[in-house]
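The structure under discussion is supplied below as structure tokens; questions concerning it will follow.
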Amino acid sequence: MATIKDVAIMANVSPSTVSRVIKGNTRISKETTQKVHDCMRALNYVPNQMARSLVTKRSKTIGIIQKSGGDSIKQNPFLLDVLTGIHRYSDNHAYLTIVTTSTTEQELMIEVQRLIQSQYIEGFIILYSRKNDVIEQLLIDKQCPYVIVGKPLTSEKTLYVDNDNIAAAEDLTQYLVNKGHEKILLLTEQSDYEVFKDRIKGYRQVMFHEHLTPHVHKIDLDRTAIKLSLIELFKMHEFTAIITTDTMLNMMIISVLYELNIRIPEDIKTATFNDSFLNAYASPPQTAVDVLPEQLGQTAVRLLTNKLENVNRYQCQNIIPTRIVQRYSTN
DNA sequence: CATGGGCGTCTTGTTGGCGA
DNA sequence: TCGCCAACAAGACGCCCATG
């Protein structure tokens with residue numbers, strides 16, 4: 001890897017001159033500036049961020065904390081789309097990102113502690129929200145700047161970006177009710193994340209408002225468990241539609257329904273949240289609520305970098321709109 | 001001989017001050 | 001006006017010397 005010294009030697013100037021050219025200092029002549037730029041290109045020179053941070057006291061590095069868990073969480077397209085938004089904004093503003101990869105809660109805690117101790121991470125983005133989260137408390141205790149992608153719970157000052165998940169769930173439930181469905185089942189995963197609580201709340205509100213009986217069932221992300229649960233649920237009720245609170249769960253549900261010879265949309269309608277390519281290419285294509293994950297990611301970085309740089313460059317919209325993408329599964 | 005403390009050097013990039 | 005020197009940042013590492 002070429003250093004500023006290598007560029008200086010090649011350009012026949014001192015390292016400080018190269019540094020000033022990089023910083024766009026006007027006191028360097030046009031000829032020298034051009035020469036230095038040519039040499040940087042020829043050597044594929046990229047400034048060493050570690051060395052730069054020694055002087056500037058800034059690493060321009062953001063830590064992304066995702067939920068602990070296995071592949072079904074890490075490979076969730078919603079998460080990948082949020083990360084795409086984060087990386088897109090970070091790249092454009094010369095920020096680097098580090099994403100946690102821990103599988104268990106305990107590992108995640110240790111991983112985040114290490115990131116804080118390294119003193120190299122300027123701020124964090126937490127890609128979930130839930131009550132009494134130890135990771136968020138750790139960031140508060142260590143006075144690390146952070147942004148939540150989800151509902152703020154700890155203080156009014158918490159920086160966050162979120163969808164109105166209650167309203168989104170109301171919209172989706174109402175959409176099915178308007179299509180004549182009265183027996184709608186809501187399936188959600190076993191967890192205490194705020195996003196799912198809000199989606200259940202929105203569903204319940206519409207069901208109560210329409211004088212219909214809500215059916216909320218929490219389910220493990222395990223094929224056998226899902227199959228047994230569905231068999232039991234279908235014995236007791238004749239559901240005509242199922243809403244799932246996340247696409248990954250929905251994928252498992254439609255696969256199990258296929259195995260049980262229950263046809264979509266002929267026998268039952270299905271709809272879910274967090275639209276992605278998976279819903280478009282599912283068999284049959286799934287109706288889903290698009291929560292604009294890339295916009296969530298971009299806004300999260302924007303909020304964080306604005307805080308880190310003590311600027312109020314842009315007016316940030318904290319609530320990202322949602323829309324229902326209608327597909328064959330609810331025809 | 002093993003251990004530990006203290007000091008110097010090195011890493012890379014930035015910047016104030018100064019000479020040409 | 002231009003470009004260089006030297007100091008500086010935080011931490012790793014090596015070397016030397018004193019102590020037990």
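Proteins come first, then strands; the chains are lettered A, B, ... in the order of their sequence lines, and each starts at number 1.
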Donor + acceptor pair across side chains of A/Asn250, A/Thr244 (<3.5 Å): yes
Keeping to residues at least two apart or across chains, list the ring-ring contact (aromatic ring centres under 6.0 Å, His included) pairs with something in residues 114-145 of chain A.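 Qualifying pairs: A/Tyr128-A/Tyr193.
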For a quick check under 3.5 Å, do A/Ser53 and A/Thr56 share a side-chain donor-acceptor pair by atom type? no
In this structure, how many angstroms lie between the C1' atom of C/dC2 and the CG atom of A/Asn12, rounded? 15 Å
Pull out every protein N or O sitting under 3.5 Å from an N or O of nucleotides 11-14 of chain B, one pair per line with the distance.
unit_1 : atom_1 : unit_2  : atom_2 : d
B/dG13 : OP1    : A/Tyr45 : OH     : 3.0
B/dG13 : OP1    : A/Asn48 : N      : 2.9
B/dG13 : OP2    : A/Ile4  : N      : 2.5
B/dT14 : OP1    : A/Arg52 : NE     : 2.7
B/dT14 : OP1    : A/Arg52 : NH2    : 3.1
B/dT14 : OP2    : A/Ser19 : OG     : 3.0

Between A/Asn76 and A/Asp246, is any side-chain donor less than 3.5 angstrom from a side-chain acceptor?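 Yes, A/Asp246 and A/Asn76 have a side-chain donor paired with an acceptor closer than 3.5 Å.
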Residues pairing under salt bridge (charged side-chain N to carboxylate O under 4.0 Å, His left out) where one sits in residues 165-192 of chain A, two or more places apart or in two chains, turn out to be A/Arg130-A/Asp192
Checking all strands, does A/Thr32 fall into the base, sugar-phosphate, or nothing category for heavy-atom contacts under 4.0 angstrom?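 Sugar-phosphate: the residue A/Thr32, judged by heavy atoms under 4.0 Å, touches backbone atoms but no base.
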